Amino acid sequence: MAEESSTHFIHEKIEADLTSKKVTNIVTRFPPEPNGYLHIGHAKAIHLDFGTAIKYNGRCHLRFDDTNPEAEDEKYVKAIQEDIRWLGYDWGEHLYWASSYFDKMEKYARSLIEKGSAYVCNLSQEEFKSYRGIPTEKGLEPPARDNTIEKNLELFDQMKSGKFEEGAFVLRARIDMSSPNLHLRDPAIYRIKHSKHHHTGDTYYIYPMYDFAHCIEDSIEGITHSLCTLEFEVHRPLYEWILKELELYCPQQIEFARLNISYMVMSKRKLLELVKENYVSGWDDPRLPTISGMRRRGYTANAIRNLCNQVGCTKFESLTEIDLLEACVRNDLNETSKRAMAVLDPIRLIIENFPENKTEELQIPNHPQDESYGKRIVPFTKECFIEREDYMDDAPNKFKRFTIGREVRLRGAYCVKCTKAERDADGKVIAIYGTYDPETRGVNPADGRKVKGTVHWISTKYAYDAEIRLYDRLFTIENPLSISEKKFTDFVNDSSLKIIKAKIEQSLVHANPGDRFQFERVGYFCTDLDHNSSKAVFNRTLSLRAPKKI
Ligand code: ATP
Ligand code: MG
């Protein structure tokens, strides 16, 4: 499938390693923790990990980093696999679990104790903080640091057997309490947890810390290049220290900048908060930057991969404009989505000189450039719905749509000249009247008629009702996490979802769940999960064009 097409410092490093024969077969991994749904930031990592493996004919492992039993759940495991597949990637037989290495990891931890490179520490997390200190000053050595190996082995075995309460002890790597890198000041590598693990159940009472587990997982699987985000740069010395102490193979860790997008938050913890506090309807709410939310919104995997290629891979933190993502989606949908007609804010158009009970079947192409999309039959009658904004009283010359005396083409049908407007008691226009010219039938008729505008329409007799969900950005400011004295949820956009009733053409009623369309002149839409032939429900993916910047 899709390789990672941009070339950047990571690929330069890989190519140098291949040329120097340091490695012969590239092995990468994508290591999600199953504690939430994937978001578009993960899509960047997936694209990089899987795409790089494809580019260099290597392989990419999917490894669940399930070392924290409390937050993890089988439902996340399923959703993560579905999302990766949907993005166009496959791990084949290379599905792994950190938890299946737990026995090995315990043995490695024990061997560190036996070497005098790890000890069981009784300080609480809080207490240890004051021992650890700050980078510019040396830390203090915890009292247990010089316990005998025998004592440490005994305590560790008791930790393992479930004798102690959570938090009573941790196992620490014995490295350097005066290192300027705080991660090397005797970090915890094993802790006690009594929760049930989604994969191993009640088997274990102790769990490895991420830093201890991750490098061992990479090493066991023979990962050549372990690609991770920049915050792990300061963890790299610890990654290398652990593998060296254990005399294990050490993969090359390379860090890259996270993907951040304006008007979005990415962290799974923050997304969970939005879900739990009902700011959104669930992890797949179409306003969320989750892969499942974007899929439900109508975004395509191709558009997301294109975005990843365009932003490339750097060492610098930055904020990608949401407009770039939306442009990728529009480009893809413009090429791939079927056209159809829907009227979101209908008024009636009555064609005075069209026969009362006649239905004409017009053939309209489903795509303006690509004939392979075929044609559909759209019925035309004396009365149609048109968009309210396509009529204006006393319109200026540049208004190309209906005003009294002006001729406009109905897409794929006829030219109609507007004769009058009808109003309700409040003076609001409820219908307009016009006359059609039978000589102007068709999609692009060679009638040579110079009409200024073309509008979309639906025969009132054959129109169906639909519920349309109009989504806007979930936040009102570019970076909701940037205002330190406020919570990010203070910036949730109250009008990020509007639900309206619209009129749609018949072909849309029978669309399948997830089908994507361009409603002509209106925007990109897709059927929502609860769409069916008795209740049509569409999500607006995006408006047709980016809103103008003020
Ligand atoms: P979050 O911060 O959203 O909770 P995480 O890093 O804790 O994400 P993991 O499940 O550990 O989530 O992530 C799996 C992989 O995805 C990691 O290698 C991580 O570096 C990468 N990743 C996470 N967020 C981003 C992002 N915004 N851009 C690029 N890669 C990311
Ligand atoms: Mg994480």
Side-chain angles (χ1 to χ4, degrees), residues 4 6 8 10 28-53 60-68 70-73 75-81 83-84 87 89 91 96-99 198 208-211 213-215 217-218 221 223 225-236 239 251-275 283 288-294 304-305 307-320 322 324-325 479-481 488:
E4 227 256 325
S6 50
H8 43 66
I10 294 178
T28 59
R29 87 288 171 268
F30 175 64
E33 187 185 350
N35 62 349
Y37 281 57
L38 298 180
H39 51 65
I40 189 161
H42 294 113
K44 173 175 172 166
I46 291 167
H47 178 70
L48 179 65
D49 293 324
F50 283 94
T52 297
C60 179
H61 298 183
L62 170 60
R63 181 206 309 140
F64 285 101
D65 218 329
D66 53 348
T67 53
N68 182 12
E70 278 150 14
E72 295 163 5
D73 197 295
K75 71 170 185 255
Y76 298 131
V77 168
K78 277 213 186 98
I80 289 171
Q81 298 195 18
D83 288 349
I84 299 173
L87 281 170
Y89 298 104
W91 48 91
Y96 301 99
W97 305 87
S99 55
H198 76 106
M209 301 296 286
Y210 175 86
D211 279 326
H214 199 80
C215 55
E217 296 154 20
D218 281 353
E221 292 174 20
I223 303 300
H225 298 83
S226 175
L227 312 178
C228 59
T229 37
L230 280 183
E231 70 272 20
F232 292 105
E233 194 165 13
V234 285
H235 297 239
R236 182 163 16 110
Y239 183 107
Q252 169 82 59
Q253 174 180 308
I254 309 176
E255 307 85 16
F256 61 93
R258 278 178 175 259
L259 175 68
N260 298 303
I261 299 185
S262 58
Y263 298 96
M264 292 182 175
V265 297
M266 297 280 188
S267 129
K268 278 185 282 193
R269 211 160 43 89
K270 303 246 163 21
L271 297 176
L272 183 62
E273 197 174 328
L274 291 167
V275 172
W283 281 100
L288 286 183
T290 50
I291 307 292
S292 49
M294 291 187 168
I304 294 173
R305 291 194 303 262
L307 174 84
C308 295
N309 278 329
Q310 287 193 28
V311 296
C313 219
T314 70
K315 279 265 185 197
F316 310 101
E317 288 294 352
S318 64
L319 188 66
T320 296
I322 195 170
L324 186 65
L325 168 63
N479 187 353
L481 299 173
F488 75 103

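Below, all heavy atoms of this structure are taken into account, side chains as well, without hydrogens, waters or symmetry copies. Just follow the structure's listing: the first ligand is 1, and inside any ligand the first atom is 1. This one's a predicted model, so the numbers in the text were calculated from it and none came from an experiment.
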| request: Below 4.0 angstrom from a heavy atom of Thr229, which ligand 1 atoms are there? Numbered from 1 as shown, please. | output: 19 (C), 20 (O), 29 (C), 30 (N), 31 (C)

| Under 3.5 Å: N/O of Lys268 near N/O of ligand 1 | yes

| query | Judging by distance only, is a nitrogen or oxygen of Arg258 under 3.5 angstrom from one on ligand 1? | reply | yes

| Candidate with minimal heavy-atom separation from atom 12 (O) of ligand 1, of Glu33, His42, Met264, Glu255 | His42

| query | Does the pair His198 and Asn35 meet the rule for a side-chain contact (heavy atoms from CB on, under 4.5 Å), with working shown? | reply | CA-CA 11 Å; His198 76 106; Asn35 62 349; over 6 Å; no

| request: Kindly identify the option in Ser267, Gly41, Ala43, Gly36 whose heavy atom sits closest to atom 26 (C) of ligand 1. | output: Gly41

| remark: Counting from 1 in the order shown, the ligand 1 atoms closer than 4.0 Å to a non-hydrogen atom of His39 are 3 (O), 24 (N)

| message | If the cut-off is 4.0 Å to any non-hydrogen atom of Ala45, which atoms of ligand 1 fall inside it? | response | 16 (O), 21 (C), 30 (N)

| request: Ignoring hydrogens and angles, state whether a donor on the side chain of Tyr210 or Asn68 is under 3.5 Å from an acceptor on the partner side chain. | output: no

| request: Kindly assign one of parallel, tilted or perpendicular to the pair His61 and Tyr96, based on the angle between their ring planes and the thresholds 30° and 60°. | output: tilted

| said: Check the orientation of Tyr76 and Tyr37. Use parallel for under 30°, tilted for 30 to 60°, and perpendicular for over 60°. | reply: perpendicular

| message | Tell me whether Lys270 reaches ligand 1 (any heavy atom closer than 4.0 angstrom to a ligand atom). | response | no

| query | Which atoms of ligand 1 are found less than 4.0 Å from any heavy atom of Phe30? | reply | 14 (C), 15 (C), 16 (O)

| request: May I ask you to say whether Glu221 pairs ionically with Arg29, meaning some side-chain N is under 4.0 Å from a carboxylate O? | output: no

| Glu231 bridged to Arg258 by N-O distance under 4.0 Å | yes

| remark: Nearest heavy-atom contact between Ile322 and Ser262 is N-OG, 2.9 Å

